[in-house]
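Chain A is the first sequence line, chain B the second, and so forth, proteins listed ahead of strands; every chain is numbered from 1.
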Amino acid sequence: GAGVSQSPSNKVTEKGKDVELRCDPISGHTALYWYRQSLGQGLEFLIYFQGNSAPDKSGLPSDRFSAERTGGSVSTLTIQRTQQEDSAVYLCAISGTVAYNEQFFGPGTRLTVL
Amino acid sequence: GENVEQHPSTLSVQEGDSAVIKCTYSDSASNYFPWYKQELGKRPQLIIDIRSNVGEKKDQRIAVTLNKTAKHFSLHITETQPEDSAVYFCAASRGGGNKLTFGTGTQLKVEL
C-alpha cells in the first residue's frame with residue numbers, strides 16, 4: 001500500500017451524527033478514488049477525482065455522502081446523518097503516476113454506526 | 001454500467017495444487033483487468049493485472065488469462081502455499097484512470 005494514508009483508522013459514531021474520513025496521498029498521483037467494503041462483501045465504488053476534471057460521483061449511495069479534494073491532494077469523504085447501514089470499511093485508492101490504471105489502496109477507515 | 005461476476009465464492013485446495021478463479025464482465029469497452037489479494041483485516045493488494053492487448057501474463061506462480069471475445073478472464077495460482085490463503089477479487093475498468101468494478105470475491109483456503 002505505498003503512497004496513501006487514511007485517518008482515522010477506526011471511527012465509532014452514533015446514528016444521526018456526521019463523520020469525516022480523510023485520505024492523504026503522496027503528491028504526484030492525480031487520480032484518487034473512494035470505495036466502500038461492507039463486512040464480508042466486495043468493494044463498491046463511491047467517487048473518484050482525476051486532475052482538474054469534475055469528479056465522478058456516480059457511486060455515491062445517497063445525498064448524505066459527499067467528498068472533496070483540495071489542492072489536488074488530500075481528500076475528505078463526509079457522511080451526514082449516519083445510518084447503521086453506513087457501517088463499513090472506507091478505502092481510498094490512488095492511481096499509479098504513469099499508466100493511470102493500477103490502483104493502490106490505503107489502509108482504510110473502519111466506520112461503525114451504533 | 002459494468003457488471004463483474006466471479007466464481008467460485010469459496011475454493012479449498014491442498015498445498016501444492018493449482019487454483020483457478022474465473023470472472024466475466026459485461027462492458028466491451030473494459031480494457032484493464034486487475035486482481036487483488038486481501039488478507040483478513042488488511043487492505044486489498046494488487047497482485048497482477050492484464051490489459052486487453054495481451055492474452056496472458058505470468059508472474060512467478062501466478063498467471064492471468066484474458067479472452068476478450070468471451071469477456072472472461074481467469075487467475076491461475078500454481079504450487080499453492082498456505083500463505084496464498086486469502087480473499088481474491090477480480091476487477092474491470094475502462095482504464096485511463098476510470099473506476100474499478102469488482103467481483104464479489106473468492107475465499108481461497110490452502111490446506112496442509
Chemist: Just checking A/Leu114: does its CG atom have more than 12 heavy atoms from other residues, nucleotides or ligands closer to it than 6.0 angstrom?
Modeler: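 Yes, CG of A/Leu114 has more than 12 neighbouring heavy atoms, counting only those of other groups under 6.0 Å.
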Chemist: Grouping I, L, V, M, F, W and Y whenever their side-chain heavy atoms are under 4.5 Å apart, do B/Val13 and B/Val64 come out in a common cluster?
Modeler: yes
Chemist: Given B/Lys99 and A/Gln103, is the side chain to side chain contact (heavy atoms under 4.5 Å, CB included) satisfied, shown in steps?
Modeler: CA-CA 9 Å; B/Lys99 65 186 181 186; A/Gln103 294 183 23; 5.6 Å; no
Chemist: Starting from B/Ile47, can I reach B/Phe73 by hopping between I/L/V/M/F/W/Y residues whose side chains sit under 4.5 Å apart?
Modeler: yes
Chemist: Just wondering, are more than 12 heavy atoms of other shown residues or ligands nearer than 6.0 Å to NZ in B/Lys68?
Modeler: yes
Chemist: Between B/Asn31, B/Asp49, B/Leu100, B/Leu46, which residue shows the highest count of heavy-atom pairs closer than 4.5 Å to chain A?
Modeler: B/Leu100
Chemist: Is B/Leu11 reachable from B/Ile48 through a run of I, L, V, M, F, W or Y residues, each pair having side-chain heavy atoms under 4.5 Å apart?
Modeler: yes
Chemist: Is it possible for you to say whether A/Phe65 and A/Leu21 belong to one hydrophobic cluster, with membership spreading through side-chain heavy-atom contacts below 4.5 Å?
Modeler: yes
Chemist: Would you mind checking which part of A/Gln37 comes under 4.5 Å of any heavy atom in chain B, side chain (CB onward), backbone (N, CA, C, O), both or neither?
Modeler: side chain
Chemist: For B/Phe102 and A/Tyr35, I'd like to know if the aromatic rings sit close, meaning centre-to-centre distance below 6.0 Å.
Modeler: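 Yes - the distance between ring centres of B/Phe102 and A/Tyr35 falls below the 6.0 Å cut-off.
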Chemist: To the closest 0.5 Å, what do you measure between CD (B/Gln45) and CZ (A/Phe104)?
Modeler: 9.5 Å
Chemist: Looking at B/Gln60, I'd like to know if its CD atom is crowded, meaning that more than 12 non-hydrogen atoms belonging to other residues, nucleotides or ligands lie closer than 6.0 Å.
Modeler: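 Result for CD/B/Gln60: open.
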Chemist: Grab the two heavy atoms, one from B/Asn98 and one from A/Tyr48, that are nearest each other, plus how far apart they are.
Modeler: OD1-OH, 3.5 Å
Chemist: Under a 4.5 Å cutoff for heavy-atom pairs, which residue among A/Pro107, A/Gly108, A/Ala93 has the most contacts with chain B?
Modeler: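 Winner by heavy-atom pair count: A/Pro107.
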Chemist: Using non-hydrogen atoms and a 4.5 Å limit, figure out which bit of B/Pro34 sits close to chain A: side chain, backbone, both or neither.
Modeler: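 Neither part; nothing is under 4.5 Å.
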Chemist: Are A/Val19 and A/Trp34 connected in the hydrophobic side-chain network, where two residues link if heavy atoms are under 4.5 Å apart?
Modeler: yes
Chemist: Does any heavy atom of chain B fall under 4.5 Å from the side chain of A/Leu91, the backbone, both, or neither of them?
Modeler: side chain
Chemist: Heavy-atom distances under 4.5 Å only: say whether B/Gln38 touches chain A with side chain, backbone, both or neither.
Modeler: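 When you check distances to chain A, only side chain atoms of B/Gln38 fall under 4.5 Å.
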Chemist: Measure the spacing between OG of B/Ser93 and CZ of A/Phe45 and express it to the nearest 0.5 Å.
Modeler: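 So the gap between those two atoms works out to 10.0 Å.
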Chemist: For a ring pair (Phe, Tyr, Trp, His ring centres under 6.0 Å) check, start with the C-alpha distance between B/Tyr36 and A/Phe105, then their side-chain angles and the critical distance, and finish with the verdict.
Modeler: CA-CA 10 Å; B/Tyr36 286 83; A/Phe105 285 88; 5.4 Å; yes
